Structures are given as structure tokens and as C-alpha cells.
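See structure below.
Values reported hereafter were calculated over all heavy atoms of this structure, with side chains retained and with hydrogens, waters and symmetry mates removed. A quick note: this is a predicted structure, and the numbers were derived from the prediction, not measured.
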Amino acid sequence: MRAPLKPLDTALAELLAQATLLPGADTVATFDADGRVLLHSATSPLQVPPQDNSAMDGYALRCADMAAPGAVLPVSQRIAAGSAAAPLQPGTAARIFTGAPVPPGADAVLMQEDCEALEDGRVRANAVPQAGQWIRRAGEDITQGAVVLHAGTRLSPAELGLAAGIGLAQLQVARRPRVALFSTGDELVMPGDVPPAQMRPGAIYNSNRFFLRAMLLRLGCEVTDLGIVPDQREATIAALRSASSGHDLILTSGGVSVGEEDHIKPAVEALGELVLWQIAMKPGKPFAYGRIQRGEGTEGSAHFMGLPGNPVSSFLTFALLVRPFLLRLQGVQDVAPKAVAVRADFTQPKADKRREFLRVRYNAQGGLDGFANQSSGVLTSAVWGDGVVDNPAGQTIAPGDTVRFIPFAQLLS
């Protein structure tokens with residue numbers, strides 16, 4: 001009797017339990033750390049900003065000297081960013097520029113639009129400032145000793161700027177996962193090898209290989225592309241055995257169903273173990289996870305993930321299962337995509353036994369339209385759409401219903 005399909009959340013939890021942090025580390029220049037995962041938390045050795053500074057071009061002054069608009073004060077000094085400021089004498093103003101240190105004694109900055117520079121070296125203030133106005137306080141961004149970046153953070157441009165702002169020229173990051181990628185299927189042809197007009201009956205171009213490689217690279221992986229493996233059990237076993245050496249993960253597409261020409265499952269079982277097989281999701285049911293024992297002279301095993309051959313199934317199982325697994329291998333803890341509640345402006349009248357992921361896009365009214373053909377082979381739906389609706393098993397959708405929407409931006413980064 002065939003085992004019941006594994007619920008997606010259960011399958012993901014079991015996958016993540018297998019995803020221990022990869023051994024080793026890389027030290028990279030902060031300039032080159034975009035997309036990498038920080039191994040150790042970063043603590044600031046200084047406060048940012050280091051001293052009170054002006055948020056505007058204008059004049060630093062004392063509020064006590066500005067009882068009413070129209071007061072005229074002599075300009076006692078000029079302070080540019082990066083220069084030192086002398087204490088401000090009572091009854092005077094200091095010409096100041098954005099980012100320049102506020103002189104001791106000043107308690108406000110009046111922006112230059114509210115001031116009139118006079119020819120005799122004085123300034124007329126045409127507004128009354130409030131204490132603290134346009135002053136950025138020392139340490140208001142970062143206090144000394146604060147943890148500004150936590151271990152497991154996937155670094156983005158903002159994090160790189162923050163690291164640089166506390167003086168970090170280099171960062172220690174998780175090493176890149178090494179992934180071996182291949183497709184199975186005698187029907188597959190690479191673009192450029194055969195013109196469309198000369199394609200043999202039953203042949204198709206290998207689209208999965210292109211988007212899977214791109215998605216792996218976006219996740220920081222080092223990818224070894226092993227091409228297309230014939231639909232033969234011995235060829236599949238040989239490809240898996242070879243790929244297990246020197247790689248953390250072997251990723252395949254196709255050949256994980258139950259047909260006579262689907263050789264991935266028995267090949268994995270011949271070389272190791274198959275832990276997960278078939279998920280209660282639509283599209284994407286024929287997903288497999290296992291481990292391949294490495295050959296003689298090498299210890300341990302390589303992770304194996306087998307994706308369905310249909311392109312949308314392959315695309316979504318990668319996004320929902322492989323992506324979080326690869327991030328967890330690099331130390332990221334929060335790997336779940338963020339869903340938002342959005343109004344459905346489409347109908348899904350027939351409930352499915354499996355959890356569905358429906359390709360949708362925003363319309364001008366702020367709701368979601370559904371793609372007309374939700375087949376697992378229609379990759380145009382992923383190009384047309386802005387994301388997917390995560391629809392529970394047994395659930396219909398009517399216009400006006402609130403649904404869980406996961407943007408592709410959450411699944412492809």
C-alpha cells in the first residue's frame with residue numbers, strides 16, 4: 001500500500017532538520033559580501049554618528065538668542081563636514097553644513113531657507129527654532145557596544161553599508177554551497193543544439209536547466225552543471241555517484257515520478273537512502289529528498305533533491321523546498337517566505353485534496369487575478385504572474401475572498 005503524501009509543512013520541517021551549517025568559512029571584503037551569510041554577530045566599537053551633527057545646511061545657534069523672528073546675529077565661524085567646531089559664543093551664530101559637528105553651546109540649527117545672509121557678515125533669522133531642531137544626536141543610529149548585525153543575516157546592500165559604518169572592511173561569511181545540477185530525460189534538447197524546425201518528434205528544449213541554475217546562483221551557490229543524463233538506470237547511478245564527490249547537494253529535475261522510465265528513486269536507493277518522496281502540494285507532488293554515500297576515499301554523504309520534470313512544478317518545489325534548505329545550510333534561520341493577505345478577484349471553484357499554489361498577479365484595483373491555465377507545464381504563468389496564492393487543501397476561492405499571497409520576490413531572492 002502506497003504511503004500517504006507528506007504535508008508540505010511537515011516535509012519542509014524534516015528537510016530543515018537535515019540542513020546543518022556547512023563546515024568552513026570565507027573571509028571576504030565587505031565590498032564583495034552582498035548575498036553572503038554572516039557567520040558571527042557584529043558589535044559596534046563606536047557610536048554612530050560619533051557626535052551631534054547638523055541634518056541641514058543652515059546656521060547653528062542658541063534658542064535663547066532667538067526670542068522672536070527677525071533677530072540679527074553675527075556669524076562667528078563656518079563649520080563644514082569633517083572639520084572641528086569651536087564653542088559657540090552667546091549672541092552669535094555659526095554657518096553650518098549638513099553632517100558638520102554642532103558646536104558646543106548651540107542647541108538648534110535653523111535651515112538656510114529660514115535665514116538671510118547679510119553683507120556685513122551677519123545673518124537674519126526669520127523663524128524661531130525649537131530646541132534640538134535639525135540636530136542628529138550622537139549615537140542615535142548605533143550605540144557603542146550594540147550588536148548591529150546578527151549571525152545568520154543574509155547580507156544585502158543596507159547591511160553592507162551598516163558594516164562599513166562601524167569600520168568593518170572584511171566579514172566572515174558561510175562558505176558557498178557546492179551544488180551539482182543535472183536533468184534526466186531522453187526528450188530533452190539544449191537550445192542551440194537543434195533548430196526548432198529540426199526537432200525530432202517528442203523532443204523539448206530543456207528550460208528547467210536554465211531557471212534552476214539561475215536560482216542556485218542567486219542563492220550564492222557554486223554550481224557544477226552536469227548536463228542531461230539519459231533515461232537509463234545505470235547512467236543515472238553513475239551520474240549520482242560521480243556528483244556525490246565534492247558537492248554538498250545534488251539537484252536533479254525529472255525522473256522522480258513512478259513510471260518505468262523514472263530511474264531517480266531506485267538509483268538513489270542503490271547509493272544511499274531516500275528520506276522523502278512525494279509531497280501533498282500542487283503543482284510539485286513528485287519531489288524527493290535523500291542522501292548519497294560518497295565513494296571510496298571520501299567520507300560522509302551528499303544531500304540529494306529530485307525535482308519534478310514539469311517546469312512549473314520544478315520552479316515551485318525549488319522555491320518552496322530547495323531555497324530554504326540552501327539558506328539553512330548557510331546559517332540563515334528565518335527561511336520562510338513572507339505571505340500577505342490580499343483580495344482575490346478570481347474564482348477557483350474546485351477544491352483540491354492537495355495544497356495549491358496558484359499563479360496570480362496584481363490588478364489595477366489592488367486585487368489578484370489568476371492565470372487562466374494553472375497546469376504544471378505552463379511556465380508562461382510564472383512569467384505573467386507576480387507570485388502565488390497559497391491555497392489550503394479543500395479550499396475554494398470566490399471573488400472577494402482574502403487569500404495568502406506570496407510574491408515571487410520572496411521566492412527568488
Side-chain angles (χ1 to χ4, degrees), residues 7-17 19 21 33-38 41 147-162 174 177 211-212 214-221 279-284 287 305 307 312-346 348 354-363 365-371 374 381-393 395 397 400-413:
L8 177 60
D9 288 341
T10 303
L12 180 58
E14 292 180 7
L15 279 177
L16 294 180
L21 181 66
D34 185 35
R36 304 298 294 271
V37 179
L38 191 66
S41 296
V147 176
V148 296
L149 293 171
H150 291 273
T153 297
R154 192 169 177 217
L155 300 166
S156 72
E159 279 87 11
L160 300 188
L162 197 57
F211 65 70
L212 291 176
M215 294 166 89
L216 287 168
L217 292 174
R218 286 191 176 197
L219 291 169
C221 299
I279 311 297
M281 61 181 289
K282 182 182 180 181
F287 170 88
M305 287 185 172
L307 307 183
V312 179
S313 298
S314 188
F315 180 81
L316 286 177
T317 50
F318 184 101
L320 296 167
L321 293 165
V322 182
R323 176 185 177 274
F325 183 85
L326 286 167
L327 290 176
R328 185 61 62 83
L329 287 181
Q330 297 174 78
V332 180
Q333 293 304 307
D334 184 7
V335 296
K338 306 296 188 294
V340 293
V342 185
R343 185 189 71 249
D345 288 343
F346 65 94
Q348 183 73 359
R354 290 176 281 161
R355 184 172 170 183
E356 294 182 280
F357 292 89
L358 307 169
R359 279 77 71 204
V360 295
R361 74 176 177 188
Y362 277 112
N363 57 36
Q365 293 72 44
L368 296 172
D369 294 330
F371 194 73
Q374 293 287 335
S381 63
V383 176
W384 173 89
D386 294 318
V388 293
V389 165
D390 179 359
N391 192 41
Q395 182 71 52
I397 298 174
D401 287 350
T402 299
V403 294
R404 277 173 45 89
F405 172 66
I406 304 175
F408 281 142
Q410 287 283 321
L411 297 174
L412 299 178
S413 61

field: N/O donor-acceptor pair under 3.5 Å between Gln395 side chain and Pro392 backbone
entry: no
- request: Any pair with a residue in residues 326-346 that passes ring-ring contact (aromatic ring centres under 6.0 Å, His included), sequence neighbours left out, goes on the list, sorted by first then second residue, please.
  value: none
query: Can any side-chain N or O of Arg354 pair as donor or acceptor with the backbone N or O of Pro283 at less than 3.5 Å?
result: no
- prompt: Side-chain contact, heavy-atom cut-off 4.5 Å: Leu411 with Ile406?
  reply: yes
statement: Heavy-atom closest pair (Gly220 atom, Pro177 atom, distance to 0.1 Å) is O-CD, 4.0 Å
query: When rounded to the nearest 0.5 angstrom, what is the spacing between CG in Leu149 and CG in Leu162?
result: 5.0 Å
message: Measuring centre to centre across the rings, with the benzene-like ring taken for any Trp, is Phe315 within less than 6.0 Å of Phe357?
response: no
- line: Rounded to the nearest 0.5 angstrom, the CG-CG distance for Asp390 and Leu358 is 9.0 Å
- prompt: Are any non-hydrogen side-chain atoms of Val403 and Ile397 less than 4.5 angstrom apart?
  reply: yes
field: Which atom of Ala33 lies closest to which atom of Leu155, heavy atoms considered
entry: O-CB, 3.6 Å
query: Would Leu216 and Phe318 satisfy side chain to side chain contact (heavy atoms under 4.5 Å, CB included), going step by step from the backbone distance to the final call?
result: CA-CA 9 Å; Leu216 287 168; Phe318 184 101; 3.6 Å; yes
- line: Between Leu320 and Met281 the two heavy atoms that sit nearest each other are CD1-CE, 3.8 Å
Beyond-backbone contact of Trp384 with Asp369, side-chain heavy atoms, under 4.5 angstrom: yes
message: Nearest 0.5 angstrom please: Leu321 CG to Leu316 CG, how far?
response: 10.0 Å
query: Which atom pair, heavy atoms only, marks the closest approach of Ala11 to Ile279?
result: CB-CD1, 3.5 Å
field: Sidechain N-carboxylate O distance under 4.0 Å for Asp386, Arg361
entry: no
Side-chain (Arg359) to main-chain (Gln374) donor-acceptor, under 3.5 angstrom: yes
task: Answer whether the closest heavy-atom distance between the side chains of Gln333 and Arg328 falls below 4.5 Å.
output: yes
query: For Asp34 and Pro157, which heavy atoms make the closest approach, and how far apart are they?
result: OD1-CD, 3.5 Å
- prompt: So, Gln348 versus Glu356: side-chain donor-acceptor pair below 3.5 Å or not?
  reply: yes
- request: Could you check if a side-chain atom of Leu329 sits within less than 4.5 angstrom of a side-chain atom of Leu21, using non-hydrogen atoms only?
  value: no
task: Check whether any side-chain heavy atom of Ser41 sits under 4.5 Å from a side-chain heavy atom of His150, and report yes or no.
output: yes
message: I'd like to know if the side chain of Gln330 reaches the main chain of Leu219, judged simply by a donor and an acceptor atom lying under 3.5 Å from each other, with no hydrogens or angles considered.
response: yes
- request: With rounding to the nearest 0.5 Å, note down the distance linking OG in Ser156 to CZ in Arg36.
  value: 15.0 Å
message: Between Tyr362 and Phe405, is the ring-ring contact (aromatic ring centres under 6.0 Å, His included) condition met? List the steps.
response: CA-CA 10 Å; Tyr362 277 112; Phe405 172 66; 5.2 Å; yes
- prompt: Would a 4.5 Å heavy-atom cut-off, applied to side chains only, mark Arg355 and Asn391 as touching?
  reply: no
message: A side-chain contact here means heavy atoms from C-beta on lying under 4.5 Å apart; do Ser313 and Leu307 qualify?
response: no
- request: Could you tell me whether Asp345 and Arg343 have a side-chain N and a carboxylate O separated by less than 4.0 Å?
  value: yes
- request: Taking all non-hydrogen atoms of both residues into account, name the closest pair between Gln410 and Ser413 and its distance.
  value: O-OG, 4.2 Å
